[in-house]
Chemist: 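Take this structure first; my questions come after.
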Amino acid sequence: MILLDMVPQAEWTFWKWVEFFALDKWPEFLTGAGVTLLISITGTIVGFIIGLLVAVFCKIPVKATDSFVKTAFIKFFKFLMQVYIEVFRGTPMIVQAMVIYYGTASIFHYSMNRLFAGIFIVSINTGAYLSEIVRGGIESIDKGQFEAAHTIGLRHGQMMRHIVLPQAIRNIMPAIGNEFVINIKDTSILSVISVTELFFTSKSIAGTYYKYFETFIITSIIYFVLTFTVTRILRAIEKKMDGPSSYTMLENQDAAVIKELD
Amino acid sequence: MNDIIIETKNLKKNFGKNEVLKGIDFTASRGEVVCIIGASGSGKSTFLRCLNLLEMPTSGDVFYEGANILDKSTDQYKTRTKMGMVFQQFNLFNNLTVLQNCMIGQTSVLKRSTTEAEDTAMKYLDTVGMSQFVNAKPNQISGGQKQRVAIARALSMEPDVLLFDEPTSALDPEMVGDVLNVIFSLAKSGFTMIVVTHEMDFAREVSDRVVFMDEGVIAEEGPPEVIFNNPKNDRTRAFLTRILNKNGLL
Ligand SMILES: Nc1ncnc2c1ncn2[C@@H]1O[C@H](COP(=O)(O)OP(=O)(O)O)[C@@H](O)[C@H]1O
Ligand SMILES: [Mg+2]
(Lines give C-alpha, C1' and ligand atoms only; values in the text may rest on other atoms or scores of the structure.)
(Ligands and ions follow the chains in the order given, each with its own letter.)
Protein backbone atom coordinates (compact mmCIF):
# COMPACT_ATOMS: atom_id res chain seq x y z
CA MET A 1 0.00 0.00 0.00
CA ILE A 2 1.64 3.22 -1.12
CA LEU A 3 0.11 6.18 0.65
CA LEU A 4 2.48 8.84 -0.58
CA ASP A 5 3.81 9.17 -4.04
CA MET A 6 7.13 7.85 -2.88
CA VAL A 7 8.70 5.26 -5.06
CA PRO A 8 11.77 3.65 -3.57
CA GLN A 9 14.93 4.65 -5.29
CA ALA A 10 18.24 2.86 -5.22
CA GLU A 11 20.18 6.02 -4.33
CA TRP A 12 18.08 6.84 -1.22
CA THR A 13 19.98 7.64 1.96
CA PHE A 14 19.51 5.83 5.26
CA TRP A 15 17.24 8.58 6.59
CA LYS A 16 15.21 8.64 3.42
CA TRP A 17 14.48 4.95 3.90
CA VAL A 18 13.53 5.48 7.52
CA GLU A 19 11.21 8.28 6.45
CA PHE A 20 9.72 6.08 3.78
CA PHE A 21 9.00 3.25 6.20
CA ALA A 22 7.58 5.63 8.77
CA LEU A 23 5.34 7.51 6.39
CA ASP A 24 4.42 4.70 4.07
CA LYS A 25 4.38 1.59 6.24
CA TRP A 26 2.91 2.97 9.44
CA PRO A 27 -0.38 1.08 9.10
CA GLU A 28 1.55 -2.20 9.08
CA PHE A 29 3.68 -1.15 12.04
CA LEU A 30 0.59 -0.01 13.88
CA THR A 31 -1.21 -3.29 13.28
CA GLY A 32 1.88 -5.20 14.38
CA ALA A 33 2.18 -3.09 17.53
CA GLY A 34 -1.55 -3.62 18.16
CA VAL A 35 -1.18 -7.38 17.94
CA THR A 36 1.86 -7.25 20.23
CA LEU A 37 -0.05 -5.19 22.75
CA LEU A 38 -3.13 -7.38 22.50
CA ILE A 39 -1.15 -10.56 23.11
CA SER A 40 0.91 -9.12 25.93
CA ILE A 41 -2.02 -7.46 27.73
CA THR A 42 -4.28 -10.50 27.43
CA GLY A 43 -1.42 -12.84 28.21
CA THR A 44 -0.44 -10.91 31.32
CA ILE A 45 -4.01 -10.63 32.60
CA VAL A 46 -4.87 -14.28 31.95
CA GLY A 47 -1.47 -15.31 33.31
CA PHE A 48 -2.15 -13.26 36.43
CA ILE A 49 -5.52 -14.96 36.93
CA ILE A 50 -3.85 -18.35 36.47
CA GLY A 51 -1.15 -17.31 38.94
CA LEU A 52 -3.73 -16.21 41.50
CA LEU A 53 -5.75 -19.41 41.21
CA VAL A 54 -2.71 -21.68 41.38
CA ALA A 55 -1.12 -19.82 44.30
CA VAL A 56 -4.35 -19.60 46.30
CA PHE A 57 -5.10 -23.25 45.63
CA CYS A 58 -1.65 -24.27 46.77
CA LYS A 59 -2.26 -22.31 50.00
CA ILE A 60 -5.40 -24.26 50.95
CA PRO A 61 -4.60 -25.78 54.33
CA VAL A 62 -5.09 -29.52 54.66
CA LYS A 63 -6.67 -30.14 58.04
CA ALA A 64 -6.34 -33.30 60.05
CA THR A 65 -10.13 -33.48 60.10
CA ASP A 66 -10.49 -33.55 56.30
CA SER A 67 -11.59 -36.77 54.65
CA PHE A 68 -9.08 -38.99 52.89
CA VAL A 69 -10.57 -38.32 49.45
CA LYS A 70 -10.44 -34.56 49.93
CA THR A 71 -6.87 -34.69 51.21
CA ALA A 72 -5.76 -36.94 48.36
CA PHE A 73 -7.46 -34.73 45.78
CA ILE A 74 -5.88 -31.55 47.14
CA LYS A 75 -2.44 -33.15 47.33
CA PHE A 76 -2.66 -34.54 43.80
CA PHE A 77 -3.76 -31.20 42.42
CA LYS A 78 -0.98 -29.39 44.25
CA PHE A 79 1.46 -31.85 42.70
CA LEU A 80 0.08 -31.15 39.20
CA MET A 81 0.41 -27.41 39.79
CA GLN A 82 4.01 -27.90 40.82
CA VAL A 83 4.72 -29.85 37.63
CA TYR A 84 3.09 -27.10 35.57
CA ILE A 85 5.20 -24.39 37.20
CA GLU A 86 8.46 -26.32 36.87
CA VAL A 87 7.92 -27.33 33.23
CA PHE A 88 6.93 -23.90 31.97
CA ARG A 89 9.63 -22.09 33.89
CA GLY A 90 12.21 -24.67 32.94
CA THR A 91 11.83 -24.50 29.14
CA PRO A 92 12.20 -21.54 26.75
CA MET A 93 8.98 -19.92 25.57
CA ILE A 94 10.16 -20.19 21.97
CA VAL A 95 10.31 -23.98 22.37
CA GLN A 96 6.92 -24.04 24.12
CA ALA A 97 5.48 -22.14 21.15
CA MET A 98 6.82 -24.71 18.69
CA VAL A 99 5.69 -27.71 20.73
CA ILE A 100 2.21 -26.39 21.40
CA TYR A 101 1.51 -25.00 17.95
CA TYR A 102 2.97 -27.81 15.85
CA GLY A 103 2.05 -30.39 18.48
CA THR A 104 -1.67 -29.70 18.27
CA ALA A 105 -1.36 -29.65 14.50
CA SER A 106 0.27 -33.05 14.25
CA ILE A 107 -1.57 -34.85 17.06
CA PHE A 108 -5.07 -33.46 16.61
CA HIS A 109 -4.72 -32.55 12.93
CA TYR A 110 -6.00 -29.18 13.90
CA SER A 111 -4.37 -25.87 13.12
CA MET A 112 -4.87 -23.37 15.89
CA ASN A 113 -5.64 -19.80 15.04
CA ARG A 114 -2.16 -18.26 15.27
CA LEU A 115 -3.23 -15.24 17.28
CA PHE A 116 -5.08 -17.49 19.72
CA ALA A 117 -2.06 -19.78 19.94
CA GLY A 118 0.10 -16.75 20.73
CA ILE A 119 -2.19 -15.55 23.53
CA PHE A 120 -2.47 -19.10 24.85
CA ILE A 121 1.29 -19.61 25.03
CA VAL A 122 2.04 -16.25 26.63
CA SER A 123 -0.77 -16.79 29.15
CA ILE A 124 0.31 -20.17 30.44
CA ASN A 125 3.95 -19.16 30.44
CA THR A 126 3.17 -16.00 32.41
CA GLY A 127 0.88 -18.02 34.70
CA ALA A 128 3.78 -20.25 35.71
CA TYR A 129 5.96 -17.26 36.64
CA LEU A 130 3.21 -15.30 38.34
CA SER A 131 2.11 -18.33 40.42
CA GLU A 132 5.46 -18.18 42.12
CA ILE A 133 5.33 -14.41 42.45
CA VAL A 134 1.82 -14.48 43.95
CA ARG A 135 2.93 -17.23 46.33
CA GLY A 136 5.84 -15.07 47.44
CA GLY A 137 3.43 -12.14 47.82
CA ILE A 138 1.11 -14.16 50.05
CA GLU A 139 4.01 -15.46 52.11
CA SER A 140 5.32 -11.93 52.62
CA ILE A 141 2.15 -10.90 54.45
CA ASP A 142 2.67 -10.64 58.20
CA LYS A 143 1.28 -13.68 59.98
CA GLY A 144 -0.55 -11.35 62.36
CA GLN A 145 -2.93 -10.52 59.50
CA PHE A 146 -3.86 -14.20 59.17
CA GLU A 147 -4.25 -14.58 62.92
CA ALA A 148 -6.47 -11.51 63.23
CA ALA A 149 -8.60 -12.82 60.36
CA HIS A 150 -8.91 -16.19 62.10
CA THR A 151 -9.92 -14.68 65.42
CA ILE A 152 -12.83 -12.78 63.90
CA GLY A 153 -13.95 -16.01 62.27
CA LEU A 154 -13.17 -15.35 58.60
CA ARG A 155 -13.00 -18.49 56.47
CA HIS A 156 -9.89 -19.20 54.42
CA GLY A 157 -11.47 -17.85 51.23
CA GLN A 158 -12.86 -14.72 52.86
CA MET A 159 -9.51 -14.01 54.46
CA MET A 160 -7.74 -14.40 51.11
CA ARG A 161 -10.22 -12.24 49.26
CA HIS A 162 -10.62 -9.39 51.73
CA ILE A 163 -7.33 -9.24 53.57
CA VAL A 164 -4.44 -11.21 52.15
CA LEU A 165 -4.74 -10.90 48.37
CA PRO A 166 -5.35 -7.14 48.28
CA GLN A 167 -2.12 -6.64 50.23
CA ALA A 168 -0.20 -9.31 48.36
CA ILE A 169 -1.27 -8.00 44.95
CA ARG A 170 -0.29 -4.47 45.90
CA ASN A 171 3.12 -5.71 47.01
CA ILE A 172 3.76 -7.66 43.82
CA MET A 173 2.53 -4.96 41.43
CA PRO A 174 6.11 -4.04 40.45
CA ALA A 175 6.79 -7.70 39.64
CA ILE A 176 3.58 -7.96 37.61
CA GLY A 177 4.55 -4.81 35.72
CA ASN A 178 7.94 -6.31 35.06
CA GLU A 179 6.30 -9.43 33.68
CA PHE A 180 4.10 -7.29 31.44
CA VAL A 181 7.11 -5.47 30.01
CA ILE A 182 8.90 -8.78 29.45
CA ASN A 183 5.80 -10.04 27.64
CA ILE A 184 5.72 -7.03 25.32
CA LYS A 185 9.28 -7.82 24.30
CA ASP A 186 9.06 -11.61 24.31
CA THR A 187 5.96 -11.67 22.16
CA SER A 188 8.49 -11.30 19.33
CA ILE A 189 9.25 -14.97 19.90
CA LEU A 190 5.85 -15.81 18.45
CA SER A 191 7.13 -14.89 15.00
CA VAL A 192 8.39 -18.49 14.88
CA ILE A 193 4.80 -19.59 14.54
CA SER A 194 4.04 -16.68 12.21
CA VAL A 195 1.93 -14.59 14.53
CA THR A 196 1.80 -11.20 12.83
CA GLU A 197 2.98 -9.18 15.80
CA LEU A 198 5.41 -6.28 15.60
CA PHE A 199 8.59 -8.28 15.07
CA PHE A 200 7.08 -10.50 12.38
CA THR A 201 5.60 -7.49 10.60
CA SER A 202 8.93 -5.65 10.74
CA LYS A 203 10.73 -8.65 9.36
CA SER A 204 8.37 -8.84 6.39
CA ILE A 205 8.71 -5.13 5.66
CA ALA A 206 12.46 -5.30 5.95
CA GLY A 207 12.61 -8.41 3.81
CA THR A 208 10.57 -6.84 1.03
CA TYR A 209 13.06 -4.00 0.57
CA TYR A 210 16.06 -5.74 2.01
CA LYS A 211 16.46 -2.84 4.46
CA TYR A 212 16.88 -4.34 7.94
CA PHE A 213 18.62 -1.60 9.86
CA GLU A 214 16.23 1.10 8.64
CA THR A 215 13.15 -0.94 9.52
CA PHE A 216 14.30 -2.14 12.89
CA ILE A 217 15.25 1.35 14.04
CA ILE A 218 11.57 2.17 13.78
CA THR A 219 10.62 -1.16 15.39
CA SER A 220 12.85 -0.54 18.38
CA ILE A 221 11.38 2.92 18.89
CA ILE A 222 7.89 1.44 18.90
CA TYR A 223 8.87 -1.27 21.42
CA PHE A 224 10.42 1.33 23.65
CA VAL A 225 7.40 3.63 23.53
CA LEU A 226 5.16 0.66 24.38
CA THR A 227 7.19 -0.51 27.37
CA PHE A 228 7.83 3.02 28.63
CA THR A 229 4.16 3.96 28.50
CA VAL A 230 3.07 0.74 30.13
CA THR A 231 5.58 1.23 32.94
CA ARG A 232 4.26 4.74 33.62
CA ILE A 233 0.64 3.61 33.59
CA LEU A 234 1.41 0.81 36.04
CA ARG A 235 3.13 3.26 38.38
CA ALA A 236 0.02 5.41 38.34
CA ILE A 237 -2.12 2.36 39.12
CA GLU A 238 0.14 1.50 42.07
CA LYS A 239 -0.28 5.03 43.40
CA LYS A 240 -4.01 4.76 43.04
CA MET A 241 -4.04 1.45 44.92
CA ASP A 242 -2.24 3.08 47.84
CA GLY A 243 -5.15 5.44 48.34
CA PRO A 244 -4.89 8.95 49.71
CA SER A 245 -1.75 9.66 51.68
CA SER A 246 -3.69 11.49 54.37
CA TYR A 247 -7.07 11.05 55.94
CA THR A 248 -9.82 13.46 56.91
CA MET A 249 -10.88 13.59 60.52
CA LEU A 250 -14.54 13.60 61.29
CA GLU A 251 -15.68 16.45 63.48
CA ASN A 252 -18.84 14.67 64.47
CA GLN A 253 -20.33 11.35 63.48
CA ASP A 254 -22.26 12.62 60.52
CA ALA A 255 -23.56 9.44 58.90
CA ALA A 256 -23.68 11.07 55.48
CA VAL A 257 -19.99 11.87 55.61
CA ILE A 258 -19.14 8.31 56.53
CA LYS A 259 -21.22 6.89 53.68
CA GLU A 260 -19.31 8.97 51.24
CA LEU A 261 -16.07 7.41 52.40
CA ASP A 262 -16.67 3.87 51.22
CA MET B 1 -19.73 -17.21 90.19
CA ASN B 2 -20.00 -20.72 88.87
CA ASP B 3 -21.44 -19.93 85.47
CA ILE B 4 -18.34 -21.26 83.75
CA ILE B 5 -17.74 -19.94 80.23
CA ILE B 6 -14.22 -21.22 79.46
CA GLU B 7 -12.59 -24.26 80.92
CA THR B 8 -9.45 -26.20 80.08
CA LYS B 9 -8.59 -29.65 81.37
CA ASN B 10 -5.04 -30.95 81.42
CA LEU B 11 -4.19 -28.76 78.43
CA LYS B 12 -0.80 -29.56 76.93
CA LYS B 13 1.06 -28.05 74.03
CA ASN B 14 4.38 -29.11 72.56
CA PHE B 15 6.40 -27.33 69.91
CA GLY B 16 8.45 -30.26 68.66
CA LYS B 17 10.11 -31.69 71.74
CA ASN B 18 9.61 -28.48 73.68
CA GLU B 19 6.72 -28.93 76.10
CA VAL B 20 5.40 -25.40 76.52
CA LEU B 21 2.14 -26.10 78.37
CA LYS B 22 2.35 -28.95 80.85
CA GLY B 23 -1.24 -29.66 81.76
CA ILE B 24 -3.26 -26.53 82.48
CA ASP B 25 -6.54 -26.74 84.38
CA PHE B 26 -8.25 -23.41 84.16
CA THR B 27 -11.71 -21.96 84.40
CA ALA B 28 -13.17 -18.54 83.77
CA SER B 29 -16.68 -17.62 84.83
CA ARG B 30 -19.02 -15.30 83.02
CA GLY B 31 -18.23 -11.69 83.89
CA GLU B 32 -14.92 -12.57 85.47
CA VAL B 33 -11.73 -10.63 84.78
CA VAL B 34 -8.66 -12.86 84.95
CA CYS B 35 -5.15 -11.50 84.57
CA ILE B 36 -2.35 -13.87 83.65
CA ILE B 37 1.11 -12.86 84.77
CA GLY B 38 4.43 -14.65 84.53
CA ALA B 39 7.90 -14.44 83.10
CA SER B 40 8.51 -14.18 79.39
CA GLY B 41 8.51 -17.65 77.83
CA SER B 42 6.36 -19.19 80.56
CA GLY B 43 3.64 -20.05 78.02
CA LYS B 44 1.09 -17.25 78.61
CA SER B 45 0.57 -16.45 74.94
CA THR B 46 0.49 -20.08 73.95
CA PHE B 47 -2.18 -20.73 76.54
CA LEU B 48 -4.32 -17.82 75.35
CA ARG B 49 -3.89 -18.92 71.73
CA CYS B 50 -5.00 -22.44 72.58
CA LEU B 51 -8.30 -21.05 73.84
CA ASN B 52 -9.35 -19.82 70.40
CA LEU B 53 -7.37 -22.49 68.55
CA LEU B 54 -4.80 -20.20 67.00
CA GLU B 55 -2.63 -23.00 68.34
CA MET B 56 -3.86 -26.58 68.25
CA PRO B 57 -3.44 -28.15 71.71
CA THR B 58 -1.33 -31.29 71.70
CA SER B 59 -3.63 -32.92 74.23
CA GLY B 60 -6.27 -32.05 76.80
CA ASP B 61 -9.59 -30.33 76.36
CA VAL B 62 -10.93 -26.83 75.89
CA PHE B 63 -14.57 -26.19 76.74
CA TYR B 64 -16.54 -23.17 75.68
CA GLU B 65 -19.93 -22.89 77.37
CA GLY B 66 -19.65 -26.56 78.21
CA ALA B 67 -18.97 -27.74 74.64
CA ASN B 68 -15.58 -29.23 73.81
CA ILE B 69 -14.34 -27.03 70.99
CA LEU B 70 -11.87 -29.69 69.89
CA ASP B 71 -14.77 -31.97 68.97
CA LYS B 72 -15.41 -32.22 65.26
CA SER B 73 -19.07 -31.46 65.87
CA THR B 74 -18.32 -28.01 67.32
CA ASP B 75 -18.26 -25.16 64.87
CA GLN B 76 -14.83 -23.69 65.54
CA TYR B 77 -15.46 -20.64 63.39
CA LYS B 78 -18.54 -19.78 65.36
CA THR B 79 -16.75 -20.24 68.68
CA ARG B 80 -13.97 -17.94 67.51
CA THR B 81 -16.40 -15.12 66.85
CA LYS B 82 -17.52 -15.42 70.49
CA MET B 83 -13.97 -14.82 71.68
CA GLY B 84 -12.51 -11.50 70.62
CA MET B 85 -8.76 -11.28 70.65
CA VAL B 86 -6.47 -8.28 70.98
CA PHE B 87 -2.81 -8.78 70.08
CA GLN B 88 0.36 -7.18 71.27
CA GLN B 89 1.17 -6.16 67.70
CA PHE B 90 -2.41 -4.86 67.02
CA ASN B 91 -2.68 -6.76 63.72
CA LEU B 92 -5.09 -4.33 62.13
CA PHE B 93 -5.86 -5.19 58.53
CA ASN B 94 -3.42 -2.94 56.69
CA ASN B 95 -5.42 -2.67 53.48
CA LEU B 96 -8.60 -1.52 55.21
CA THR B 97 -9.56 1.76 56.85
CA VAL B 98 -10.32 1.99 60.55
CA LEU B 99 -14.05 1.71 59.84
CA GLN B 100 -13.62 -1.20 57.41
CA ASN B 101 -11.47 -3.01 59.96
CA CYS B 102 -14.43 -2.95 62.32
CA MET B 103 -16.94 -3.94 59.62
CA ILE B 104 -15.34 -6.79 57.70
CA GLY B 105 -16.03 -9.48 60.29
CA GLN B 106 -19.59 -8.30 60.77
CA THR B 107 -20.47 -8.35 57.09
CA SER B 108 -18.50 -11.48 56.11
CA VAL B 109 -19.00 -13.68 59.14
CA LEU B 110 -22.08 -12.40 60.95
CA LYS B 111 -23.77 -11.52 57.64
CA ARG B 112 -24.91 -8.18 58.93
CA SER B 113 -26.03 -5.55 56.45
CA THR B 114 -23.58 -2.77 55.64
CA THR B 115 -25.71 -0.22 57.46
CA GLU B 116 -25.99 -2.33 60.58
CA ALA B 117 -22.28 -3.16 60.51
CA GLU B 118 -21.42 0.49 60.12
CA ASP B 119 -23.65 1.55 62.99
CA THR B 120 -22.19 -1.14 65.24
CA ALA B 121 -18.64 -0.25 64.23
CA MET B 122 -19.27 3.44 64.92
CA LYS B 123 -20.74 2.61 68.30
CA TYR B 124 -17.62 0.75 69.40
CA LEU B 125 -15.19 3.16 67.76
CA ASP B 126 -16.93 5.76 69.87
CA THR B 127 -16.48 3.60 72.97
CA VAL B 128 -12.71 3.54 72.42
CA GLY B 129 -12.58 7.19 71.39
CA MET B 130 -11.58 6.57 67.77
CA SER B 131 -14.72 7.52 65.84
CA GLN B 132 -13.03 10.55 64.34
CA PHE B 133 -10.52 8.36 62.57
CA VAL B 134 -12.85 6.11 60.55
CA ASN B 135 -11.12 7.24 57.38
CA ALA B 136 -7.55 6.53 58.37
CA LYS B 137 -5.50 3.54 57.31
CA PRO B 138 -3.61 1.68 60.06
CA ASN B 139 -0.25 3.06 58.94
CA GLN B 140 -1.55 6.59 59.46
CA ILE B 141 -2.31 6.32 63.19
CA SER B 142 -0.22 5.82 66.31
CA GLY B 143 0.28 2.58 68.20
CA GLY B 144 -2.11 3.54 70.98
CA GLN B 145 -4.75 4.47 68.44
CA LYS B 146 -4.20 1.22 66.55
CA GLN B 147 -4.71 -0.77 69.72
CA ARG B 148 -7.92 1.07 70.50
CA VAL B 149 -9.18 0.33 66.99
CA ALA B 150 -8.18 -3.30 67.47
CA ILE B 151 -10.33 -3.36 70.61
CA ALA B 152 -13.22 -1.78 68.70
CA ARG B 153 -12.79 -4.38 65.96
CA ALA B 154 -13.05 -7.16 68.53
CA LEU B 155 -16.05 -5.50 70.21
CA SER B 156 -17.83 -5.06 66.88
CA MET B 157 -18.25 -8.82 66.68
CA GLU B 158 -20.07 -8.55 70.02
CA PRO B 159 -18.18 -11.43 71.58
CA ASP B 160 -18.85 -12.97 74.98
CA VAL B 161 -15.20 -13.06 75.97
CA LEU B 162 -12.23 -10.82 75.25
CA LEU B 163 -8.70 -12.19 75.22
CA PHE B 164 -5.85 -9.71 75.50
CA ASP B 165 -2.25 -10.74 74.88
CA GLU B 166 0.00 -8.05 76.35
CA PRO B 167 -2.08 -5.28 74.79
CA THR B 168 0.24 -2.49 75.92
CA SER B 169 3.67 -4.11 75.59
CA ALA B 170 4.36 -2.68 72.14
CA LEU B 171 3.26 0.84 73.02
CA ASP B 172 5.22 3.97 73.83
CA PRO B 173 4.85 4.64 77.57
CA GLU B 174 2.67 7.72 77.11
CA MET B 175 0.08 5.70 75.20
CA VAL B 176 -0.23 2.85 77.66
CA GLY B 177 -2.63 4.78 79.87
CA ASP B 178 -5.23 5.40 77.13
CA VAL B 179 -5.40 1.75 76.22
CA LEU B 180 -5.50 0.54 79.81
CA ASN B 181 -8.33 2.97 80.53
CA VAL B 182 -10.36 1.50 77.68
CA ILE B 183 -9.76 -2.05 78.91
CA PHE B 184 -10.51 -0.98 82.46
CA SER B 185 -13.89 0.47 81.59
CA LEU B 186 -14.77 -2.64 79.56
CA ALA B 187 -13.91 -4.74 82.58
CA LYS B 188 -16.12 -2.62 84.80
CA SER B 189 -19.00 -2.92 82.34
CA GLY B 190 -19.07 -6.66 83.05
CA PHE B 191 -17.16 -8.19 80.14
CA THR B 192 -15.53 -11.56 80.63
CA MET B 193 -11.85 -10.97 80.02
CA ILE B 194 -8.61 -12.86 80.14
CA VAL B 195 -5.68 -10.47 80.06
CA VAL B 196 -2.01 -11.38 79.78
CA THR B 197 -0.15 -8.37 81.10
CA HIS B 198 3.04 -7.08 82.64
CA GLU B 199 1.24 -4.01 84.05
CA MET B 200 1.07 -5.06 87.69
CA ASP B 201 -0.80 -2.01 88.99
CA PHE B 202 -3.40 -2.52 86.32
CA ALA B 203 -3.68 -6.23 87.09
CA ARG B 204 -4.08 -5.53 90.77
CA GLU B 205 -6.86 -3.05 90.14
CA VAL B 206 -8.81 -4.68 87.35
CA SER B 207 -8.77 -8.39 88.06
CA ASP B 208 -11.09 -10.60 90.03
CA ARG B 209 -8.42 -13.26 89.93
CA VAL B 210 -4.74 -13.36 89.06
CA VAL B 211 -3.08 -16.42 87.55
CA PHE B 212 0.68 -16.78 87.83
CA MET B 213 2.16 -19.01 85.14
CA ASP B 214 5.60 -20.50 85.43
CA GLU B 215 7.29 -22.84 82.96
CA GLY B 216 4.08 -24.10 81.44
CA VAL B 217 2.05 -24.61 84.59
CA ILE B 218 -0.23 -22.47 86.72
CA ALA B 219 2.00 -22.06 89.76
CA GLU B 220 -0.45 -20.04 91.77
CA GLU B 221 -3.78 -18.30 91.40
CA GLY B 222 -6.04 -16.26 93.59
CA PRO B 223 -7.49 -12.82 94.28
CA PRO B 224 -5.11 -9.94 93.43
CA GLU B 225 -4.68 -8.94 97.09
CA VAL B 226 -3.38 -12.39 97.93
CA ILE B 227 -1.15 -12.83 94.89
CA PHE B 228 0.40 -9.39 95.12
CA ASN B 229 0.57 -8.94 98.90
CA ASN B 230 0.87 -12.43 100.20
CA PRO B 231 1.93 -14.97 97.57
CA LYS B 232 2.28 -18.54 98.82
CA ASN B 233 4.60 -19.71 96.10
CA ASP B 234 8.28 -18.76 96.23
CA ARG B 235 8.46 -18.40 92.48
CA THR B 236 5.54 -15.97 92.47
CA ARG B 237 7.32 -13.95 95.12
CA ALA B 238 10.58 -13.99 93.15
CA PHE B 239 8.82 -12.97 89.93
CA LEU B 240 6.97 -10.09 91.60
CA THR B 241 10.10 -8.86 93.32
CA ARG B 242 11.93 -8.90 90.00
CA ILE B 243 9.27 -7.12 88.01
CA LEU B 244 8.41 -4.55 90.69
CA ASN B 245 12.11 -3.78 91.17
CA LYS B 246 12.46 -3.20 87.49
CA ASN B 247 9.57 -0.77 87.56
CA GLY B 248 11.13 1.05 90.49
CA LEU B 249 8.16 0.35 92.69
CA LEU B 250 9.97 -1.33 95.52
N1 LIG C 1 5.28 -21.24 67.13
C2 LIG C 1 6.22 -21.66 68.00
N3 LIG C 1 7.13 -22.58 67.64
C4 LIG C 1 8.05 -23.03 68.52
N5 LIG C 1 8.15 -22.61 69.77
C6 LIG C 1 7.28 -21.69 70.20
C7 LIG C 1 6.26 -21.16 69.34
N8 LIG C 1 5.53 -20.27 70.03
C9 LIG C 1 6.06 -20.23 71.27
N10 LIG C 1 7.10 -21.08 71.37
C11 LIG C 1 7.91 -21.31 72.58
O12 LIG C 1 7.03 -21.57 73.64
C13 LIG C 1 7.49 -20.98 74.83
C14 LIG C 1 6.41 -20.13 75.44
O15 LIG C 1 6.14 -19.04 74.60
P16 LIG C 1 4.98 -18.00 74.87
O17 LIG C 1 3.71 -18.74 75.05
O18 LIG C 1 5.03 -17.00 73.80
O19 LIG C 1 5.43 -17.37 76.26
P20 LIG C 1 4.99 -16.01 76.92
O21 LIG C 1 3.83 -15.47 76.19
O22 LIG C 1 4.68 -16.37 78.33
O23 LIG C 1 6.19 -15.11 76.85
C24 LIG C 1 8.75 -20.20 74.48
O25 LIG C 1 9.85 -20.96 74.85
C26 LIG C 1 8.68 -20.07 73.00
O27 LIG C 1 9.97 -20.06 72.45
MG1 LIG D 1 3.64 -13.67 75.06
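A, B, ... follow the sequence lines: proteins, then strands. Residue 1 opens every chain. In what follows, every heavy atom counts, from backbone to side chain, and hydrogens, waters and symmetry copies are set aside.
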Chemist: What part of B:L92 gets closer than 4.5 Å to chain A, counting heavy atoms only: side chain, backbone, both or neither?
Modeler: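 When you check distances to chain A, only backbone atoms of B:L92 fall under 4.5 Å.
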Chemist: Can you say whether A:E147 sits under 4.5 Å from chain B via the side chain, the backbone, both, or neither, judging by heavy atoms?
Modeler: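 For A:E147, heavy atoms of backbone and side chain both lie under 4.5 Å from chain B.
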Chemist: With a 4.5 angstrom heavy-atom cut-off, which part of A:R155 approaches chain B: side chain, backbone, both or neither?
Modeler: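 Its backbone and side chain both get close to chain B.
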Chemist: Does the cation-pi check pass for B:R49 over B:F87, that is, NZ or CZ under 6.0 Å from the six-membered ring centre and within 45° of its axis?
Modeler: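 Because its charged atom misses either the 6.0 Å distance or the 45° angle limit, B:R49 does not stack over B:F87.
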Chemist: Measure distances from A:D142 to the heavy atoms of chain B and classify the residue's part below 4.5 Å as side chain, backbone, both or neither.
Modeler: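 A:D142 touches chain B through side-chain heavy atoms alone.
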Chemist: Considering only heavy atoms, which portion of B:M157 lies under 4.5 Å from any heavy atom of chain A: side chain, backbone, both, or neither?
Modeler: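 B:M157 touches chain A through side-chain heavy atoms alone.
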Chemist: Which answer fits B:Q140, side chain, backbone, both or neither, if we ask what part of it has an atom under 4.5 Å from a heavy atom of chain A?
Modeler: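 Interface part for B:Q140: both.
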Chemist: Give, as side chain, backbone, both or neither, the part of B:N94 having an atom under 4.5 angstrom from any heavy atom of chain A.
Modeler: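 Both parts, backbone and side chain.
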Chemist: Side-chain donor-acceptor pair under 3.5 Å between B:E7 and B:Y64, yes or no?
Modeler: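 No.
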Chemist: Decide whether a cation-pi geometry holds between A:R114 and A:Y101; the criteria are a distance under 6.0 Å from NZ or CZ to the six-membered ring centre and an angle within 45° of the ring axis.
Modeler: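 No, A:R114 does not sit over the ring of A:Y101.
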Chemist: Per the side chain to side chain contact (heavy atoms under 4.5 Å, CB included) rule, which among A:L37, A:I184, A:T36, A:I39 passes with A:L198?
Modeler: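 Between A:L198 and the candidates, side chain to side chain contact (heavy atoms under 4.5 Å, CB included) is satisfied uniquely by A:T36.
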Chemist: Considering the options A:T219, A:V225, A:T227, A:I221, which one meets the side chain to side chain contact (heavy atoms under 4.5 Å, CB included) requirement together with A:Y223?
Modeler: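 Of the listed options, the one satisfying the test is A:T219.
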Chemist: Checking B:N101 against chain A: side chain, backbone, both or neither under 4.5 Å from a heavy atom?
Modeler: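 Contact with chain A: none, neither part.
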Chemist: If I take atom CG from residue B:N91 and atom CD1 from residue A:I163, how far apart are they, to the nearest 0.5 angstrom?
Modeler: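 Here the rounded value is 11.5 Å.
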